[in-house]
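Report on the structure given below.
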Amino acid sequence: MGNKLNHKPKRPRKLLLHKRELEKFAGKATQQGYTLVPLRLYFKQGRAKVEIAVARGKKVYDKRESKKKPRRHARFARP
């Protein structure tokens with residue numbers, strides 16, 4: 001049940017971090033090939049919390065290998 005005075009669900013949200021943590025994440029994320037990845041989303045005392053990490057993207061040859069795996073398993077699973 002809601003009304004017109006409720007908050008906007010799609011509004012931009014603040015990322016609550018210490019300045020030092022924010023600078024560390026921002027520095028890594030701006031490097032070529034790195035990105036911020038949400039690991040876990042949970043609710044605690046009415047607030048949504050997200051665990052994030054800095055991760056490096058896959059190389060082209062890794063992506064090709066990942067695409068081959070499901071095909072290989074599907075071929076053997078068929079009767």
Legend entry - Between CD on residue Glu23 and NZ on residue Lys19, distance to nearest 0.5 Å: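 Rounded to the nearest 0.5 Å, the CD-NZ separation comes out at 5.5 Å.
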Legend entry - Contacts of Leu17 that satisfy side-chain contact (heavy atoms from CB on, under 4.5 Å) - sequence neighbours left out: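 side-chain contact (heavy atoms from CB on, under 4.5 Å) check on Leu17 returns Leu15, Glu21, Leu22, Phe25.
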Inset, instruction - Taking salt bridge (charged side-chain N to carboxylate O under 4.0 Å, His left out) as the test, write out the residues that go with Arg47, two or more places apart. - result: none
Donor-acceptor pairs under 3.5 angstrom involving side-chain atoms of residues 27-44: please list them, not counting sequence neighbours.
{"from": "Thr30", "atom 1": "OG1", "to": "Ala26", "atom 2": "O", "distance (Å)": "3.2"}
{"from": "Thr30", "atom 1": "OG1", "to": "Gly27", "atom 2": "O", "distance (Å)": "2.9"}

